[in-house]
Every structure is written in structure tokens, then in C-alpha cells.
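Note that the structure is a prediction, hence the values are computed from the model and not measured. Residues: numbered from 1 along the sequence shown.
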Amino acid sequence: MEELENQFSQIAALIGDKARSVMLWNLLDGRAYTATELSLCANISPQSASNHLAKLVDANILTGQAQILYL
């Protein structure tokens with residue numbers, strides 16, 4: 001039971017961060033967003049958004065997908 005409580009606390013801490021919660025809220029519409037787009041929503045730098053997203057991916061809260069831009 002203690003392990004479950006620890007996992008819950010870790011997830012709550014990740015989601016409880018304001019920038020991460022704003023980015024997650026925007027992702028609820030089901031669309032794909034770039035880290036830059038999410039950074040604008042959360043009013044943070046793209047580098048900070050990438051760091052936040054990496055934490056969410058590491059915790060298996062999100063998955064990422066690379067985009068290829070054809071010109």
C-alpha cells in the first residue's frame with residue numbers, strides 16, 4: 001500500500017505544477033501540439049516546456065511522437 005501512495009504522490013506532484021497542468025489541460029482536446037505551442041499556452045519558454053514534457057513522458061503520463069516537416 002505504501003508503494004501505491006508513493007506513486008500517487010509522484011503523479012500528483014507532476015500534475016500539480018502549474019505549467020504542466022496548463023499543458024495537460026490543452027492536450028485534453030485530443031489534438032497534437034508541439035512543445036513550442038504548449039509553451040505558448042503555459043507562458044513558458046520552449047526549452048522549459050520540453051523539460052516539463054520529458055518529465056510527463058518519463059512518468060508514462062504522456063507519449064510523444066516526432067513530426068516530420070516536408071517542404
Side-chain angles (χ1 to χ4, degrees):
M1 185 62 140
E2 187 175 329
E3 178 61 28
L4 184 60
E5 291 171 351
N6 288 336
Q7 290 174 350
F8 181 83
S9 294
Q10 291 171 352
I11 291 171
L14 285 170
I15 294 172
D17 179 88
K18 183 176 181 180
R20 286 191 287 266
S21 64
V22 169
M23 290 190 293
L24 288 169
W25 179 259
N26 280 276
L27 289 167
L28 286 175
D29 68 5
R31 294 181 6 187
Y33 291 94
T34 65
T36 300
E37 291 170 327
L38 291 170
S39 74
L40 294 171
C41 296
N43 198 29
I44 58 175
S45 70
Q47 295 82 4
S48 183
S50 291
N51 290 333
H52 285 298
L53 292 169
K55 290 179 182 183
L56 294 168
V57 169
D58 288 344
N60 293 317
I61 295 173
L62 289 180
T63 59
Q65 184 173 353
Q67 291 183 336
I68 299 173
L69 178 62
Y70 295 101
L71 301 176

Which other residues end up in the same hydrophobic cluster as [X], if Ile, Leu, Val, Met, Phe, Trp and Tyr are linked when side-chain heavy atoms come under 4.5 Å apart?
{"X": "Leu28", "answer": "Trp25"}
{"X": "Tyr70", "answer": "Ile68"}
{"X": "Leu4", "answer": "Met1"}

Shortest non-hydrogen contact from [X] toward [Y]:
{"X": "Ala59", "Y": "Leu14", "result": "CB-CD1, 3.3 Å"}
{"X": "Cys41", "Y": "Val22", "result": "O-CG1, 3.5 Å"}
{"X": "Glu37", "Y": "Tyr33", "result": "OE1-CA, 3.2 Å"}

May I ask you to check whether over 12 heavy atoms, not counting those of Asn6, lie within 6.0 Å of atom CG? yes
List for me each residue that meets side chain to side chain donor-acceptor pair (under 3.5 Å) alongside Gln7, sequence neighbours excluded, and say none if there are none. Glu3
Backbone N or O of Ala13 within a donor-acceptor pair of the Asp17 side chain at under 3.5 Å? no
Using side-chain heavy atoms (C-beta onward) and a distance below 4.5 Å, is Leu62 in contact with Leu24? yes
Here the gap from Ile44 atom CD1 to Lys18 atom NZ, rounded to the nearest 0.5 Å, amounts to 11.0 Å
Following the transitive rule for hydrophobic clusters with a side-chain heavy-atom cut-off under 4.5 Å over Ile, Leu, Val, Met, Phe, Trp and Tyr, establish whether Leu38 and Ile61 coincide in one cluster. yes
N/O donor to acceptor pairs below 3.5 angstrom from side-chain atoms of residues 49-58, sequence neighbours left out:
{"from": "Ser50", "atom 1": "OG", "to": "Pro46", "atom 2": "O", "distance (Å)": "3.2"}
{"from": "Asn51", "atom 1": "ND2", "to": "Gln47", "atom 2": "O", "distance (Å)": "3.4"}
{"from": "His52", "atom 1": "ND1", "to": "Arg20", "atom 2": "NH1", "distance (Å)": "2.8"}

